[in-house]
Amino acid sequence: MMSNHIKLMQGNEACVEGAIAAGMRFFAGYPITPSTEIAEISAQRLPRVGGKFIQMEDEIGSMAAVIGASLTGLKAMTATSGPGFSLKQENIGYAAIAEVPCVIINVQRGGPSTGLPTSPAQGDIMQAKWGTHGDHPVIALSPSSVRETFDLTIKAFNYAEKYRVPVIMLMDEVIGHMREKVEIPNREDLEVIDRKKPTSGLVDYKPYRIEDGELVPPMAEYGGEYRFHVTGLVHDETGFPSNTPKVAESLIKRLIKKIDDNKKDIFLYEEYKLEDAEIALISFGSTARSAKSAVDMARAEGIKVGLFRPITIWPFLDTEIEQLAKKVNKIITVEMNLGQYAIEVERKACKYAHVDKYGKLNGELITPDEILKKIKEV
Amino acid sequence: MMSNHIKLMQGNEACVEGAIAAGMRFFAGYPITPSTEIAEISAQRLPRVGGKFIQMEDEIGSMAAVIGASLTGLKAMTATSGPGFSLKQENIGYAAIAEVPCVIINVQRGGPSTGLPTSPAQGDIMQAKWGTHGDHPVIALSPSSVRETFDLTIKAFNYAEKYRVPVIMLMDEVIGHMREKVEIPNREDLEVIDRKKPTSGLVDYKPYRIEDGELVPPMAEYGGEYRFHVTGLVHDETGFPSNTPKVAESLIKRLIKKIDDNKKDIFLYEEYKLEDAEIALISFGSTARSAKSAVDMARAEGIKVGLFRPITIWPFLDTEIEQLAKKVNKIITVEMNLGQYAIEVERKACKYAHVDKYGKLNGELITPDEILKKIKEV
Amino acid sequence: MATSLKIKNEKKLIVKSEWCKGCGICAAFCPKNVLSIENEIVKIVDIDACIKCGQCEMRCPDYAIYLGGKDDE
Amino acid sequence: MATSLKIKNEKKLIVKSEWCKGCGICAAFCPKNVLSIENEIVKIVDIDACIKCGQCEMRCPDYAIYLGGKDDE
Amino acid sequence: MSNQYEIRLSGAGGQGLILAGIILAEAAIKDGKNAVQTQSYGPEARGGASKSEVIISNKEINYPKVRKCDLLLALTQKACDEYIDSLKKDGILIVDNSVEVKRKDIKKFKLPVIETANEKLKVPMVANIVALGAICKASSIVTKDSLENAILNRVPRGTEDINKTAFEKGLNLINN
Amino acid sequence: MSNQYEIRLSGAGGQGLILAGIILAEAAIKDGKNAVQTQSYGPEARGGASKSEVIISNKEINYPKVRKCDLLLALTQKACDEYIDSLKKDGILIVDNSVEVKRKDIKKFKLPVIETANEKLKVPMVANIVALGAICKASSIVTKDSLENAILNRVPRGTEDINKTAFEKGLNLINN
Amino acid sequence: MSSRLINEYLREDKLPHIWCPGCSHGITMRAIVKAIDNLNIEKNNICIVSGIGCSSRAPGYMDFNTLHTTHGRALAFATGIKMANPKLKVIVITGDGDCAAIGGNHLIHAARRNIDITTIVFNNNIYGMTGGQYSPTTPQGERGTTAPFGNIDKNFNLCNLVKAAGATYTGRSTAYHVNMITKLVEEGIKNKGFSFIETLSICPTYYGRKNKKGNVVDMMNYLKNNSINVKAAEKLSDEQLKDKIIVGELYKTQEPEYTEEYKKIIESFQKER
Amino acid sequence: MSSRLINEYLREDKLPHIWCPGCSHGITMRAIVKAIDNLNIEKNNICIVSGIGCSSRAPGYMDFNTLHTTHGRALAFATGIKMANPKLKVIVITGDGDCAAIGGNHLIHAARRNIDITTIVFNNNIYGMTGGQYSPTTPQGERGTTAPFGNIDKNFNLCNLVKAAGATYTGRSTAYHVNMITKLVEEGIKNKGFSFIETLSICPTYYGRKNKKGNVVDMMNYLKNNSINVKAAEKLSDEQLKDKIIVGELYKTQEPEYTEEYKKIIESFQKER
Ligand SMILES: Cc1ncc(C[n+]2csc(CCOP(=O)(O)OP(=O)(O)O)c2C)c(N)n1
Ligand SMILES: Cc1ncc(C[n+]2csc(CCOP(=O)(O)OP(=O)(O)O)c2C)c(N)n1
Ligand code: SF4
Ligand code: SF4
Ligand code: SF4
Ligand code: SF4
Ligand code: SF4
Ligand code: SF4
Ligand SMILES: [Mg+2]
Ligand SMILES: [Mg+2]
């Protein structure tokens with residue numbers, strides 16, 4: 001018998017269920033293939049838990065509404081795909097500088113532009129980090145299975161709330177649309193992190209004041225006890241704009257540092273048969289599944305290959321990749337693009353290992369056989 | 001006496017003059033500091049040469065109008081800064097996949113978000129390449145002086161037309177707003193490239209057919225002899241959408257290849273006192289001016305340092321940087337951001353030279369003294 | 001309305017079944033019950049009743065039925 | 001209109017010159033010519049004429065002139 | 001990987017093949033197995049899928065798409081022509097009896113699936129469930145009980161009976 | 001770098017200092033020199049600049065901003081206070097006579113610039129041109145002819161005479 | 001073989017189109033082509049621009065200069081085209097989502113400028129291409145996949161909105177009233193300025209199914225039976241007009257056209273010389 | 001020291017503000033604060049949202065919950081705030097560029113939804129902050145730095161546009177008619193739905209200079225002398241109203257409010273259990 005907690009679930013559905021489990025109570029979106037089910041299921045589910053769903057006039061408005069809602073204290077999310085992700089960029093930067101927690105799901109499809117709207121891709125890896133103007137922090141995660149989509153959506157909210165940062169989930173069409181057996185954990189077993197509220201007196205309250213030894217200011221909500229100002233301009237700890245070079249430098253540096261200094265907490269990855277590996281595949285999302293199959297196939301032929309699967313895409317797993325590079329002779333990155341993650345890998349690994357890349361963007365999931373062939377080539 | 005051709009000119013003005021000299025006859029924009037003068041001067045200048053200026057309702061519309069105008073055969077340009085550049089991203093991707101020549105000026109200011117609107121920055125280096133979703137080609141150039149702004153704007157149009165690609169000019173507030181002595185060359189001395197027109201018969205005309213040995217299809221114009229279809233979907237040589245994996249792969253690969261295979265033509269850079277240098281600074285745009293001063297100051301103290309100034313930012317000057325790394329012991333990148341170009345430099349140089357970076361983003365131009373200090377540190 | 005008047009009576013009712021998706025619009029709005037849908041394809045069931053009004057052509061979303069002939073319209 | 005009626009006559013006309021940008025609006029629309037601009041700053045030139053109508057306060061873009069007093073409004 | 005069973009359900013959009021795939025996968029899960037279901041999409045979400053794929057396994061399923069399949073259902077000639085080559089040697093082919101097949105190296109079941117739904121049951125919509133019955137009998141990848149269970153769980157309320165009948169008709173299309 | 005002359009013109013927004021900077025730079029170019037002019041901006045373009053900087057040189061000018069300056073013009077106390085420290089030892093300071101200055105290690109010219117414009121010429125707008133006259137006399141960084149030429153080129157048509165007068169008044173504020 | 005109209009103006013090799021059985025987009029596309037035929041405009045002088053959506057796939061089938069842009073941006077691309085080459089007759093084909101949701105701003109600004117573009121919206125009251133989400137024209141209370149409990153959004157009256165924004169020609173028809181579409185499009189093209197034609201359309205696959213509107217024929221009959229011509233409507237009370245679709249030419253005026261005004265600026269400099 | 005109103009509702013330590021001498025933005029800001037004072041709303045229950053522009057700098061000076069967003073997006077942020085916490089009184093302060101150019105789509109959609117937000121546009125007919133480019137409300141023929149030869153763009157009648165989009169309250173006043181601003185804002189806040197108040201404003205620095213409108217006082221006098229109350233206007237002919245600014249409460253109706261409607265959906269599930 002199938003237990004109550006065991007279900008066949010679609011990736012996009014797991015995303016919503018994870019979000020609701022994490023406490024999401026606001027969703028604003030605009031439909032786009034292949035992310036649309038996330039909006040649709042949110043519309044169904046949210047009012048049942050007292051949450052709000054709104055379909056905005058476009059993706060820019062959706063991102064704006066999510067930030068607005070988050071400022072009132074709700075956990076808020078939006079979901080989109082390539083073209084919509086491009087449109088959200090300006091306001092993602094706003095969330096980054098104003099430190100408004102939010103989760104942005106990007107179910108990647110074939111780009112650029114309208115591209116291949118119903119096909120999977122992993123072409124927005126770099127965009128997730130660099131899509132908006134100016135240096136800014138983001139966290140990006142990429143799930144490889146339906147169950148992991150559930151778990152990572154919760155993590156995404158946890159990171160967003162803990163670090164007051166926009167967190168991007170880089171799903172892809174395969175993960176979003178596939179249905180898979182999932183065992184949904186009990187609510188009690190989930191770790192859910194809520195944002196830290198300020199405790200200071202009303203009079204000397206400063207919305208961006210950092211407590212000693214911390215890097216993330218506690219966060220009040222509109223409609224609560226504290227009144228405060230929020231802006232996308234460079235601002236000091238009072239939240240008001242400042243042009244002073246010192247203020248500017250220290251704000252942006254802190255924004256970056258709050259993520260950099262917490263890499264240990266944020267770095268997620270999986271290692272598969274790497275213990276004795278001479279060749280390491282690096283792959284994430286749906287292609288990591290192909291890569292895992294390829295590892296098994298290659299091992300069956302006696303080739304010592306393993307898989308390193310980044311789950312955290314940004315911040316880049318620098319120390320881990322360097323470690324890995326020192327351990328193996330060769331690295332092959334496998335991604336559905338022309339080698340985006342490969343750029344970062346090359347940078348950290350080039351001193352220690354030969355880095356090769358396998359990329360494809362024809363709208364089809366990379367197959368284990370292709371990867372096996374590539375393994376044999378190098 | 002000041003000759004007719006020698007003038008004190010602002011960077012933003014030189015950009016417009018260069019554009020008009022290159023044949024720009026259409027400008028669509030939306031005002032934003034510090035790029036606004038480009039729109040203003042275009043509004044003044046274009047009707048005098050029979051060209052068109054339009055202020056659109058926003059940056060998305062501006063980018064769209066530019067693509068539309070280019071499809072009728074006019075050379076077209078838009079100008080913006082950070083927030084507007086973020087908004088233009090979706091349609092920049094469209095221009096890339098539909099291969100519509102256009103020039104996008106980004107006069108960089110402090111980001112992220114509204115950031116420091118009147119201060120210089122170089123924070124959109126990575127965004128220029130990765131701002132839109134999906135793998136796609138772009139060319140990006142960065143001028144260091146008013147005169148070079150004039151010249152590079154012409155080059156930008158030339159590349160755009162020759163390679164049917166969006167070309168991005170990464171100016172910064174300092175270069176955009178400073179006034180400098182400029183000698184405007186004679187029209188006859190300028191190299192101006194126009195797009196190649198198709199010559200095939202009307203019946204068998206295919207708008208994206210590549211002639212033997214070429215990578216860029218000739219381009220007809222709406223309202224001319226040929227009728228054709230243009231889409232942002234993946235398409236075959238007829239211009240109509242196709243979902244075939246082979247078509248998809250070959251389209252995107254060709255788009256990348258047409259730039260990659262022509263790097264020689266596109267790679268622009270300046271070398272300054274590098275002959276015997278042990279340390280190389282790498283810097284572009286306004287900071288390269290500071291770096292040049294710093295080189296002179298360091299040389300005066302007997303330190304063997306030189307400057308490598310990328311003018312072409314994208315495609316990345318891979319072979320050149322590798323060459324450079326082999327020649328010197330140390331590289332210091334100097335940019336008004338937290339080290340964006342440095343990422344690429346590290347990737348190509350790390351095997352051969354130690355790469356260090358100096359970045360600042362407090363809204364002030366990096367000074368020669370700061371750089372000198374950094375040189376002495378490493 | 002101008003359109004249907006222009007159509008001359010020597011026209012022939014033509015069905016291009018490869019394009020027909022069997023939506024039933026033509027049959028439903030044919031004033032003379034000339035048409036019927038069978039196996040998800042339009043069929044002419046009473047050609048003699050056809051007054052060549054062109055309504056089927058005008059409303060067929062798939063251009064699968066039209067009045068044609070030598071001196072095409 | 002309610003606003004100006006509410007203002008009681010015991011109020012005092014107060015100028016906060018640090019905030020005054022000398023735009024001249026208050027002086028121009030004072031019904032009693034109480035005010036004048038000198039050296040780009042508002043000056044009270046005829047306080048006795050002031051009827052405490054509050055128009056200057058209402059239109060001063062910089063909150064540099066107002067009717068105040070013990071029982072502030 | 002050898003204990004992994006790969007199924008491809010193909011036909012025209014609107015024939016309910018996605019639902020059939022989901023039901024198959026759910027039945028497998030009820031049997032305590034692992035299952036992954038995927039499908040293909042037309043231009044954006046429109047058009048509708050023309051194929052649905054299910055992988056059933058006792059182990060973790062990595063690559064989620066069906067490559068060479070163990071069982072192919074094809075309800076139209078077009079679908080059969082397109083996918084027949086992806087069926088493994090000795091694999092099971094279930095086709096509607098309107099479909100012509102040349103391959104010989106396979107276990108072929110040519111069954112009146114559509115006819116059964118249209119004419120026997122007078123509900124064209126249940127062709128997919130008839131097919132599931134046939135699949136259940138032809139292979140032993142899911143148990144009859146689980147499959148029946150899964151069907152009743154997924155079909156719209158009020159249509160349980162007709163679907164149950166359709167399933168049984170499907171089972172009975174193959175008599176061995 | 002030593003033959004590079006750096007000038008900072010400071011005061012309140014609206015005093016025409018950007019124009020003064022442009023004119024200075026253009027005069028230098030007329031003299032066959034190199035020149036770079038920059039300015040500072042308020043929030044977005046609004047507010048208006050409060051300082052304008054000019055570098056004049058016989059060589060290529062790299063770093064375009066003024067660091068330690070050779071000549072400082074300050075028309076308001078606030079501007080003077082903010083920038084006085086950036087003036088080099090023995091540098092030239094030209095201040096309006098309303099401004100108090102403490103530094104001693106500089107060549108100081110305290111002149112009735114604003115008064116001249118307001119009261120002598122009755123055109124407050126030409127204070128910047130009066131100041132240019134004084135700068136021309138106090139330094140020799142640009143020739144009088146080029147400067148006068150540059151002024152007449154840039155000022156609005158119809159105001160040439162008053163500006164010419166202003167320039168001369170400025171020249172005459174310093175008698176040596 | 002197909003009819004002369006189809007043969008001459010559509011790209012036959014792209015047919016049959018991808019639209020669902022009974023989708024009215026094909027009807028409207030034909031009606032537009034008929035208007036062009038009636039006006040006898042040179043094919044090379046026409047440019048058809050669309051955004052993204054089922055409706056926006058139309059230009060791909062039409063044998064003119066055609067441009068399939070990004071979602072919502074058709075009018076902004078079209079504005080660039082018309083400005084750059086005013087001799088082109090620019091026609092925008094768009095959906096209710098494309099022009100009224102994401103593209104709303106370009107719509108009101110193109111109308112405001114009174115630029116000579118004829119916009120035809122295939123209003124099926126739903127996002128068809130993405131699978132049935134409610135749109136800014138979905139009537140209140142109706143369902144979409146993102147309005148599972150009934151839509152609480154008020155719907156736009158697009159013709160009113162566009163008129164208030166500055167359009168100089170507006171008209172409305174339905175997929176049933178095909179000849180009226182043709183007539184309105186003709187008039188729209190003839191109008192020197194921004195023209196807006198709304199065609200109430202049917203999406204049996206999503207809107208119809210979600211809202212239990214019956215089959216394709218039922219939906220067409222709804223359009224037929226609930227429409228009333230604007231002339232006839234003038235005589236009726238608001239009460240009587242409740243739930244009626246008012247069709248016909250709704251608004252027509254004359255104002256300076258944008259590209260003509262710009263031409264005057266250019267010409268003023270040519271004279272100067 | 002400053003007046004009680006300023007002291008109580010503005011962030012005095014941020015004053016004097018950055019606006020130019022004679023810029024009317026300060027007048028309007030005070031009039032809004034006065035309306036809030038008259039209505040006696042708890043400061044913590046108010047949230048003021050703006051975009052980017054000179055006008056949009058206002059919230060920084062106002063002692064409530066304040067949010068300075070991205071250019072044009074104030075209403076979209078505000079929609080999120082109001083949906084998430086309907087007990088907040090949400091007021092949007094915006095400029096003609098911010099709300100009618102880049103933000104036009106959010107404006108018409110917020111109006112369409114009839115969400116309970118009060119929007120006050122400081123319409124100075126120009127982009128002030130970026131230095132005087134023409135805006136969608138710059139009258140035809142006038143100049144901006146990007147319209148050096150006279151603006152050929154037709155200008156929006158914002159109140160009409162927003163009404164056509166679905167707003168349930170609209171009003172117009174001028175920087176001269178300060179008490180009327182206060183009154184309209186009060187009524188707008190009281191209206192349960194989308195309220196839109198246009199305040200004709202003066203930008204002496206750019207609009208005034210570019211268009212030779214005289215000094216600050218001349219510009220104020222223009223507003224004074226060319227305005228006519230909507231009641232009085234009703235009796236006049238179009239000819240007589242030419243070039244007149246019609247001020248007062250322009251439109252008022254009652255319709256379901258968006259967040260209330262959503263609340264009903266949530267409540268339907270609470271009952272279910
Ligand atoms: C930026 C962006 N957002 C969303 C989408 C997804 N999308 C494609 S078409 C469409 C809606 C189409 O609706 P409509 O314009 O009414 O056309 P219809 O399909 O109903 O004819 C959407 C939301 C997209 N392609 N691009
Ligand atoms: C995305 C984006 N585009 C452009 C700008 C530049 N910008 C800032 S304010 C403004 C116009 C402001 O005009 P308005 O809203 O009328 O306000 P005003 O300054 O006149 O009060 C513009 C174009 C920006 N900050 N962000
Ligand atoms: S209207 Fe056209 S597609 Fe529909 S049934 Fe008739 S011929 Fe076939
Ligand atoms: S032409 Fe008229 S009568 Fe003849 S089949 Fe068509 S609709 Fe019927
Ligand atoms: S209105 Fe205010 S700022 Fe203007 S002059 Fe009077 S007091 Fe000064
Ligand atoms: S209160 Fe009235 S009378 Fe008195 S100064 Fe002000 S405006 Fe004049
Ligand atoms: S989904 Fe709707 S709009 Fe799209 S083609 Fe099908 S019926 Fe037409
Ligand atoms: S520029 Fe215009 S709108 Fe901006 S503060 Fe100055 S006067 Fe006001
Ligand atoms: Mg639609
Ligand atoms: Mg304005």
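Protein chains get the first letters and strands the later ones, always in sequence-line order, with residue 1 at the start of each. All of these numbers come straight from a predicted model, not from anything done at the bench.
Contact of the A/Ile168 side chain with the A/Leu141 side chain is not registered, since no non-hydrogen atoms from C-beta on lie closer than 4.5 Å.
Taking the six-membered ring where the residue is Trp, A/Phe27 and A/Phe53 present parallel rings, their angle staying beneath 30° rather than reaching 60°. Using the six-membered ring where Trp is involved, G/Phe196 and G/Phe194 have ring planes that are parallel, under 30° apart on the 30 and 60° scheme.
Annotation: cation-pi geometry satisfied between G/Lys163 and G/Tyr251 (NZ/CZ under 6.0 angstrom from ring centroid, within 45° of ring axis).
Although no hydrogens or angles enter the test, the distance criterion places no donor-acceptor pair under 3.5 Å between the side chain of A/Lys360 and the main chain of A/Glu335. Of the possible donor and acceptor atoms, none in the side chain of G/Asn123 sits under 3.5 Å from a partner among the backbone N and O of G/Asp96. The closest donor-acceptor contact from the side chain of G/Ser135 to the backbone of G/Thr137 lies under 3.5 Å.
For a residue to count as touching a neighbouring chain, one of its non-hydrogen atoms must lie under 4.5 Å from one of that chain's; by this rule A/Ile41 does not touch chain G. Contacts of G/His71 with chain A are made by side-chain atoms alone, with heavy-atom separations under 4.5 Å and no backbone atom involved. In this structure, chain A has heavy atoms under 4.5 Å from both the backbone and the side chain of G/Tyr134.
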task: For A/Arg289 and A/Glu180, run salt bridge (charged side-chain N to carboxylate O under 4.0 Å, His left out): C-alpha distance rounded to whole Å, both residues' side-chain angles, the deciding distance at 0.1 Å, then the answer.
output: CA-CA 13 Å; A/Arg289 299 177 72 117; A/Glu180 199 170 19; 2.7 Å; yes
message: Quick one, G/Asp63 with G/Lys43, criterion salt bridge (charged side-chain N to carboxylate O under 4.0 Å, His left out). Give me CA distance, side-chain angles, the key distance, then yes/no.
response: CA-CA 8 Å; G/Asp63 189 20; G/Lys43 281 159 78 173; 3.1 Å; yes
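Against chain G, the residues from residues 55-85 of chain A that qualify, each with a non-hydrogen atom under 4.5 angstrom away, are A/Gln55, A/Glu57, A/Asp58, A/Glu59 in number order. Contacts between residues 10-24 of chain A and chain G, counted as heavy-atom pairs separated by less than 4.5 Å, involve no residue at all.
Aromatic ring centroids of G/Trp19 and G/Tyr61 lie under 6.0 Å apart.
The two atoms that bring G/Ala101 and A/Tyr30 nearest to each other are CB-OH, 3.6 Å, heavy atoms only.
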